[in-house]
Visitor: 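Handing you a structure now.
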Amino acid sequence: LSKNIQNICCIGAGYVGGPTCAVIAYKCPDIQVNVVDLSQERINAWNSDNIPIYEPGLSEIVMERRGKNLHFSTKIDECIEKADIIFISVNTPTKTYGVGLGRAPDLTYVESAARTISKVAKTSKIIVEKSTVPVKAAESIINMLKSNQKPDVEFQVLSNPEFLAEGTAISDLLNPDRILIGGEDTDKGQWAIEQLSKVYQHWVDRSIIITTNTWSSELSKLAANAMLAQRISSINSISAICESSGADIQHVSKAIGADSRIGSKFLQASVGFGGSCFQKDINNLIYLCENLNLKEVADYWSQVILINDYQKKRFVNKIIKSLFNTCTNKKIAIFGFAFKKNTGDTRESASIHICKYLLDEGANLNILDPKVDYDQMMFELSNPQLNLPIDVIKNKVQLFSDDVIEACRNSHALVVCTEWDNFKSYDYEKIYEVMQKPAHIFDGRLILDHERLMSYGFHVEAIGKRL
Ligand code: NAD
Ligand code: UGA
């Protein structure tokens with residue numbers, strides 16, 4: 001293994017690989033960073049003026065480093081061969097087939113990346129699991145790597161989970177709370193940890209780099225996501241009590257969060273968490289518990305997902321009930337399709353499920369989202385698991401990127417699913433005028449000024465409070 005890290009290859013140019021490597025290239029001008037992917041289309045987009053991921057601050061960094069020490073290509077073998085460190089940042093979706101169906105992560109892509117490395121590498125490498133993987137995945141990766149290993153080639157496998165959140169990826173990467181690196185408890189393992197630490201130390205203080213054994217690092221990632229999601233399900237479960245009792249969830253969140261042991265972050269009641277990871281990673285944890293015969297622990301974490309599903313359903317039931325128990329052919333404006341603000345990512349967005357339930361009730365939907373395009377919306381709604389007939393989606397759903405008045409014209413209700421900032425500054429008096437009466441607003445994100453809306457004549461309902 002070479003002494004100084006001069007070249008990094010990242011396999012997978014997605015939401016993690018792209019932003020992470022852009023920041024490494026930005027902070028480490030002495031290191032050449034190659035981001036590779038099987039998808040020519042994605043790589044072409046990374047090399048264009050219109051990069052494939054919307055993330056505040058990302059485009060500027062990519063434009064500054066691209067062609068200097070940041071390169072995007074499909075030349076996977078060539079870039080692996082040149083690299084001292086190889087990040088595996090491929091997708092690890094929940095299995096949709098076979099053993100572990102709906103629970104275990106599908107490691108097909110991790111395995112194929114590992115096999116390619118072992119086939120191609122002619123010199124020793126440090127391999128870094130950046131993807132979120134099950135506990136003990138590093139062991140499987142080592143076994144795959146050994147299968148084709150050439151004499152004199154050594155591999156060290158590290159776990160270095162990523163904690164960035166979408167929408168704030170660049171600031172999270174530039175100012176991380178901590179960097180976690182797990183490795184083998186051997187001299188070579190510790191040496192590899194130090195090499196990766198040195199990369200981060202270009203901009204991160206050594207004191208926030210936590211080093212552990214590989215399994216602790218892998219489990220910490222699953223546990224961190226499970227605990228973050230658990231906070232949301234906890235506050236959402238309290239929001240149901242608020243709606244029934246007359247308490248106000250925003251006051252309750254503030255009162256709870258003021259306790260420094262609890263903290264104020266991640267206590268926003270909502271339509272339910274979405275995104276590609278929380279549900280997947282909790283399922284991953286549940287599968288691990290089941291395999292370890294820890295049924296009670298598995299049941300505990302399952303409840304986080306059950307409450308999340310309950311919250312989405314509860315919100316839709318509230319809408320249907322207020323619309324006099326029928327949505328058939330009513331027009332409903334949906335504010336937001338992305339799973340959170342400041343991203344165009346729609347994976348597992350709560351909005352998808354709310355749209356599905358409303359379409360099942362016969363509603364017509366005008367969806368408004370600043371960063372989601374029509375093909376992406378159609379892709380999500382035509383997912384076979386939603387079981388929505390394609391003609392229903394085509395005839396009953398329209399997407400509006402920014403024309404809020406047209407999206408709301410003649411609609412019976414307006415439903416806030418994503419907390420985009422620009423939704424707050426719309427002219428709701430004007431929106432009220434163009435809607436059918438009674439005009440309903442359902443605020444699933446608690447971002448609007450409810451008193452004011454009521455003064456315009458709206459019938460307002462919100463998560464976690466009675467109005
Ligand atoms: P993604 O789907 O956006 O990107 C993965 C990329 O890997 C795709 O472009 C795919 O074409 C490519 N790929 C798959 N197999 C390949 C192979 N053998 N060779 C080359 N390229 C290959 O996924 P993502 O959102 O970036 O997530 C990646 C991993 O990081 C997951 O394990 C996820 O759980 C974890 N993670 C994601 C986030 C997030 O915010 N999205 C945050 C932390 C951790
Ligand atoms: C989450 C974690 O926050 C990251 O640390 C982690 O790296 C990442 O998952 C991952 O492993 O993929 P992300 O899903 O991108 O990041 O975004 P979050 O900010 O965590 O939001 C997730 C969902 O929870 C969103 O739908 C959001 O709207 C919702 N949420 C969040 C709430 O409903 N209430 C809150 O108080 C916070």
Side-chain angles (χ1 to χ4, degrees), residues 9-21 35-43 45-46 52-53 55 72-77 79-80 86-94 105-117 129-134 137 160-169 172-173 176-177 221-222 224-229 231-236 239 253 257 264-282 284 308 311-312 336 338-343 345-351 417-420 444-446 463:
C9 170
C10 173
I11 305 180
Y15 285 88
V16 168
T20 307
C21 287
V35 188
V36 297
D37 204 289
L38 292 170
S39 162
Q40 186 68 54
E41 198 188 339
R42 211 160 202 189
I43 291 299
W46 279 111
I53 291 173
E55 195 58 69
F72 297 92
S73 86
T74 50
K75 292 178 188 155
I76 301 178
D77 294 5
C79 293
I80 287 175
I86 302 167
F87 286 100
I88 300 182
S89 302
V90 301
N91 37 329
T92 49
T94 304
D106 186 345
L107 295 181
T108 311
Y109 307 102
V110 173
E111 178 170 346
S112 93
R115 284 188 191 281
T116 309
I117 296 169
E129 280 177 355
K130 208 25 102 208
S131 297
T132 304
V133 289
N160 172 222
E162 184 49 61
F163 295 104
L164 69 81
E166 289 178 30
T168 54
D172 293 344
L173 287 162
D177 287 343
K221 173 62 194 177
L222 297 183
N225 271 359
M227 291 192 70
L228 288 168
R231 267 175 87 92
I232 303 170
S233 280
S234 295
I235 204 70
N236 282 342
S239 77
S253 288
S264 60
K265 290 182 184 162
F266 252 70
L267 288 178
Q268 287 283 330
S270 67
V271 282
F273 60 74
S276 62
C277 292
F278 279 172
Q279 178 157 324
K280 159 177 86 68
D281 294 347
I282 295 173
N284 189 341
N308 199 48
Q311 186 76 350
K312 292 182 257 186
F339 82 99
K340 62 185 282 196
K341 73 172 179 182
N342 294 339
T343 177
D345 193 351
T346 55
R347 292 177 290 179
E348 297 292 332
S349 176
S351 189
C417 292
T418 312
E419 75 283 22
W420 282 105
R445 290 289 189 164
L446 298 168
I463 284 285

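Note that ligands are numbered from 1 as they come in the structure, with each ligand's atoms numbered from 1 the same way. Remember, it's a predicted structure, so these values are computed and weren't measured experimentally. Residue numbers start at 1 and run along the sequence shown.
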Visitor: Between R347 and ligand 1, find which residue part has any heavy-atom pair under 4.0 Å and reply side chain, backbone, both or neither.
Guide: side chain
Visitor: Report yes or no: does R231 have a heavy atom closer than 4.0 Å to ligand 2?
Guide: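 It does not; every heavy atom stays at 4.0 Å or beyond.
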Visitor: If you measure from each non-hydrogen atom of L267 to ligand 2, which part falls under 4.0 Å: side chain, backbone, both or neither?
Guide: backbone
Visitor: So F278 and F266, would you call those rings parallel, tilted or perpendicular, with 30° and 60° as cut-offs?
Guide: perpendicular
Visitor: Atom 31 (C) of ligand 2: which protein heavy atom is closest, and how many Å away?
Guide: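 Looking at atom 31 (C) of ligand 2, the protein heavy atom closest to it is I232 CD1, 3.5 Å.
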Visitor: Ignoring hydrogens, just give me the one of K265, Q279, K340, Q311 whose non-hydrogen atom is nearest atom 21 (O) of ligand 2.
Guide: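 It is K340 whose heavy atom sits nearest to atom 21 (O) of ligand 2.
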Visitor: Looking only at distances, can you tell me whether any N or O atom of S89, backbone or side chain, sits closer than 3.5 Å to an N or O atom of ligand 1?
Guide: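 S89 vs ligand 1: no N/O contact under 3.5 Å.
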Visitor: Among G275, G444, G274, whose heavy atom sits nearest atom 23 (C) of ligand 2?
Guide: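 Result: the heavy atom closest to atom 23 (C) of ligand 2 is in G274.
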Visitor: If the cut-off is 4.0 Å to any non-hydrogen atom of L228, which atoms of ligand 2 fall inside it?
Guide: 2 (C), 3 (O)
Visitor: Show, in sequence, the C-alpha distance, side-chain angles and deciding distance for E419 and K341, and conclude whether the salt bridge (Lys or Arg N to Asp or Glu O under 4.0 Å) test is met.
Guide: CA-CA 6 Å; E419 75 283 22; K341 73 172 179 182; 6.0 Å; no
Visitor: With backbone taken as N, CA, C and O and side chain as the heavy atoms from C-beta onward, which portion of K221 lies under 4.0 Å from ligand 2: side chain, backbone, both, or neither?
Guide: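 The side chain, only.
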Visitor: For ligand 1 and D37, I'd like to know whether there is a polar contact (N/O to N/O, distance under 3.5 Å).
Guide: yes
Visitor: Quick one: look at T132 and ligand 1, take heavy-atom pairs under 4.0 Å, and tell me if it's side chain, backbone, both or neither.
Guide: both
Visitor: For ligand 2, is there an atom lying under 4.0 Å from some heavy atom of R445?
Guide: yes
Visitor: How does N225 reach ligand 2, by side chain, by backbone, by both or by neither, if only non-hydrogen atoms under 4.0 Å count?
Guide: side chain
Visitor: Using heavy atoms and a threshold below 4.0 Å, how should the contact between C277 and ligand 1 be classified: side chain, backbone, both, or neither?
Guide: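 It is the side chain that touches ligand 1; the backbone stays farther off.
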Visitor: Give yes if a backbone or side-chain nitrogen or oxygen of S112 is under 3.5 Å from a nitrogen or oxygen of ligand 1, and no if not.
Guide: yes
Visitor: Answer with side chain, backbone, both or neither: which part of T116 has a heavy atom less than 4.0 angstrom from an atom of ligand 1?
Guide: neither
Visitor: Just let me know how P161 lines up against ligand 1, side chain, backbone, both or neither, with a heavy-atom cut-off below 4.0 Å.
Guide: neither
Visitor: Under 4.0 Å from a heavy atom of S270: give me the atoms of ligand 2 that qualify, with their elements.
Guide: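 Listed by number with element: 32 (C), 33 (O).
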Visitor: Can you name the atoms of ligand 2, numbered from 1 with element, that are less than 4.0 Å from a heavy atom of C277?
Guide: 10 (C), 11 (O), 12 (O)
Visitor: Using distance alone, decide if ligand 1 has a nitrogen or oxygen within less than 3.5 Å of any nitrogen or oxygen in S39.
Guide: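 The answer is no, given that S39 and ligand 1 share no N or O pair closer than 3.5 Å.
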Visitor: Taking 4.0 Å as the limit for heavy-atom contacts, which would you say applies to Q40 with ligand 1: side chain only, backbone only, both, or neither?
Guide: neither
Visitor: What I want to know is whether K130 and ligand 1 share at least one N or O pair that is separated by under 3.5 angstrom.
Guide: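 By distance alone, the answer is no.
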